[in-house]
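Inspection log for the structure reproduced underneath, given as structure tokens.
None of the values given here were measured: they were computed from a predicted structure. In the text below, chain A, chain B and the rest are named by the order of the sequence lines, each starting its count at 1. All values below come from the heavy atoms of this structure, side chains included, with hydrogens, waters and symmetry mates left out.
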Amino acid sequence: MDAITLNNITKTYNKGTVLAVDDVSFSVKKGEIFGLIGPDGAGKSSIFRMLTTLLLPDKGSATVGGFDIVKDYKTIRGILGYMPGRFSLYQDLTVEENLNFFATVFNTTIEENYELVKDIYVQIEPFKDRRAGKLSGGMKQKLALCCALIHKPEVLFLDEPTTGVDVVSRKEFWEMLKRLKQQGITILVSTSYMDEATLCDRIGLIINGRVLSIASPDDTIKAYPEKLYAVKSPNMFKLLNNLRSFEQTINCYTFGEYLHLSLKCSEEEVKKYLQEKEHDDFEFKTTSPTVEDCFIRLLKEQNERNGNKNE
Amino acid sequence: MNETVIKTNKLTKRFGDFVAVDEISFEVHKGEIFGFLGANGAGKTTAMRMLCGLSIPTSGEATVAGYDVFTQPEKIKENIGYMSQKFSLYEDLTVLENIQFYGGIYGLSDKEIKEKSDELTHKLGLHKEAKKLVRSLPLGWKQKLSFLVSIVHTPKIVFLDEPTGGVDPYMRREFWDLIYEGADKGITIFVTTHYLDEAEYCNRVTIMVDGKIEALDSPAGLRKKFGVATIDEVFYKLAREAKRSAD
Amino acid sequence: MKQLLSFIKKEFYQVFRDQKTLVMLFGMPIAQIILFGFALTNEIKNANIVVVDNAKDIASQQIINKIEGSKFFNVQKTLMNPAQIDAAFKTGKIKLAVVFPANFNTDLLHLNKTSLQVIADASDPNTATTLTSYITSIVNDYQSQLSQNSSLPYSIHPEVRMLYNPDLRGAPNFVPGVMAMVLLLVCVMMTSVSIVREKELGTMEILLVSPIKPVLIIIAKAIPYLLLSLVNLGAILLLSVYALDLPVKGSILLLVLESTLLIMTSLSLGLLISTITSSQQSAMFASMLGMMLPTMLLSGYLFPIENMPIVLQVISNIVPARWYYIIVKDIMLKGLGFSYIWKETTILIGMTLFFLLIALRNFKIRLE
């Protein structure tokens, strides 16, 4: 059974003038980690708020745990855990007071579900008498996750849980999510960090309110149509400018220490061109695309299409 | 080319018993893109504030654009640009009004402001949106505009505090294209970021842990030194050993 | 029940950890009472007054003797024309002037009624009221003496003119006024801000997706402020009784019950404001604009309603403080019972239900 389904969900704001979510359909299997990957303002939070019954869709229908998000909102509210995009705990209450409060709000106690949050809670326990507002980003995020888990939800909604959190805390956070998945909890997570995409079972790439691709990270990468090269030279800025002005270039952008390049012509032709442009010491190799490459390709297409529309 | 624009020697900042920045020493050269990495609470922001003349160091020495951070913070402010993720532009002013405002603050003449406005809006392809409120622009555009506004007075150095947070990968690259262009014109770029792939775009990178500089080299040099394939792994190795958690 | 208790506990934690709120909650009413209290207990002795006796007859002489005999006044007898009196007031030399008309005694004997003018410098309203009331009582005293010895009802009418501040009100009225204002302000502002703060912080999102019932959220928000307001009410009453010697003439129980009613009105109004605003700033602004100004200006506490333009008089009917002000004055100052204030009470109950109904209808189970 699918834990979450969306059928042609559309959401607009300001009396229909702002289209936030545009005819989105997908489903999340039980026990899956599904990632919604997209930039700020792509519509991720709107989807989260509709699924958590906080907003009503304009069109379409959706279910969470088999219940309708409009009709059965009360039931859904009992079975979901939600971590909103911004830090949503009481800054002036201590770690322990926050956790206690949310436990009682959800009709449970810390003791009852301690097993589930234990792994995470032991990390913040040394600070349990500290006010939540005085915690570091990583700690706040762990506390928020504890609060969202305290009533043992069936489905967990995490809206950009790792934004503004450093790399170490992000890694730890994803390890926690894997452990939660093993306990059978379905997780819908959104992020703007592309490297986190590969940690999901399946991902949906979302741009301007539309979900453009839904597949496992591997299949997303396999669907990349062109051959991708990585190029490097001592003068990267010149290399970038030269390759961008090369007629046969489809796409060229920085990627870590390399430039990623896709071409309409053969490898030899571009090498010849670079020699003409006096790049003598360049490195040129084929590379396999990443989720980020797929995403950049989609974003570029989207931007070009919008650009044409504006003309 | 090798002119030094930032030079610090055992620069330290204490808040009571807490040593936020612990004897950091480094040099940044003209036209360099200098990456400043560190986990939350490692002391990046404090270090950056001292260099911008916003916070007086407890001890040590530092000069920015040739001026002393202790005695000439006002001079420093005239010669630098600053952009942060949070404070960027006035959302309730238009694109043009924002450029005019910042141009005015940095004492540009009306003629210069007009030229700059045309130049910036054309560079960003925003000439159609020039009279729109900044609020209505997508985040990526705002950040790009914000960067260009921060160098509207062609400062010697520009400090960028996590400029690309939350921006999509495509826009982030367009943003970095602008940074490259600025550096090519001789503006020194001092940038902090959470995205470690962006560290690769810098000429040199420092990694701060617990207030100290634990690594300082070119990205390739760091990878070689730590024997790993990406800066990501270098950072992870260093940051995991951090003792203190951020407050 | 446990949910509710835990929620209320959380509210209290938050109130007590926020120093600014605490100061506003308890500091403001106490400061107000003390400030007004000083103005009230400032006893007047040897005030410089001028008596202009245009009559120079028995009656005027007898009254002047009485005035001179009082320890409150330092009397100066001269003949002044109105312009000179005016000048004396402007320089601040005199606080009050009593003017007898030329045929004071003749009118009294032949027409059985006469009048005299009492002019006071009302830029200091408390002094002015006190002084005029002294003069008036002296005149009334004389009038009743006169009537006792005669079968005819004599009447002397003191025409009181308040210079500079004609809308002056009696000082004892401030305690009911402060009570109304403090209770309204604390309840309306605190409730609306505390709910809107949860919206701003995003915690409302989590509360909404939890199984907790919206009505529980509302009750949990209301109870702490109800309790705190009662504490406040107690403090104000204690202060006014013991520090200002202003006893509660009527039933204290009735006063507390009526005050609880006003607190509920305010809580529902605060709730209503919280459902239509989305930032703490606008909630604060709405409470100020919606409560503080009308309470100060239109409740009759600073300016008498009878003297207002008819439009404002009509508007003042929808200000809850207006009705509460009447109730408290009746209980505290006049010692009247419930039978005299049932009308005002009914109006307040009606208002409460009205606000509550709209607030509950507006309270969203979702975000928009």
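With a 4.5 angstrom heavy-atom cutoff, Glu257(A) touches chain B via backbone and side-chain atoms both. Looking at Lys238(A), there are no atoms closer than 4.5 Å to chain B (heavy atoms on both sides), in backbone or side chain. For Tyr258(A), no part lies near chain B; criterion is any non-hydrogen pair under 4.5 Å. Residue Phe235(B) touches chain A through its side chain alone, counting heavy-atom pairs closer than 4.5 Å. Contacts of Ile207(A) with chain B are absent, with no heavy-atom separation under 4.5 Å from either backbone or side chain. Looking at Pro169(B), both its backbone and its side chain come within 4.5 Å of chain A, counting heavy atoms on both sides. With a 4.5 Å cut-off on non-hydrogen atoms, Arg297(A) does not touch chain B at all. At a 4.5 Å heavy-atom cutoff, Ile231(B) makes no contact with chain A through either its backbone or its side chain.
Here the side chains of Thr192(B) and Leu37(B) are not in contact, with every heavy-atom distance at 4.5 Å or above.
Geometrically, Lys171(A) engages Tyr236(B) in a cation-pi contact, judged by NZ or CZ lying under 6.0 Å from the ring centre and within 45° of the ring axis.
Chosen from Arg172(B), Glu181(B), Arg223(B), Met171(B), the residue pairing most often with chain A at heavy-atom distances under 4.5 Å is Arg223(B). Ranked by heavy-atom pairs under 4.5 Å with chain A, the list Leu139(B), Thr230(B), Asp184(B) is led by Asp184(B).
Taking 4.0 Å as the cut-off between side-chain N and carboxylate O, Glu172(A) and Lys142(A) count as a salt-bridged pair. Using a cut-off of 4.0 Å between Lys/Arg side-chain N and Asp/Glu carboxylate O, Glu292(A) and Arg173(B) are scored as salt-bridged. Between Asp119(A) and Arg179(A) there is a salt bridge, since at least one side-chain N of the basic residue sits less than 4.0 Å from a carboxylate O of the acidic one. Comment: Lys212(B) does not engage Glu23(B) in a salt bridge, judged by the lack of any side-chain N to carboxylate O separation of less than 4.0 angstrom.
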Requested in this report: For Leu93(B) and Val134(B), run side chain to side chain contact (heavy atoms under 4.5 Å, CB included): C-alpha distance rounded to whole Å, both residues' side-chain angles, the deciding distance at 0.1 Å, then the answer.
Outcome: CA-CA 6 Å; Leu93(B) 295 184; Val134(B) 164; 5.8 Å; no
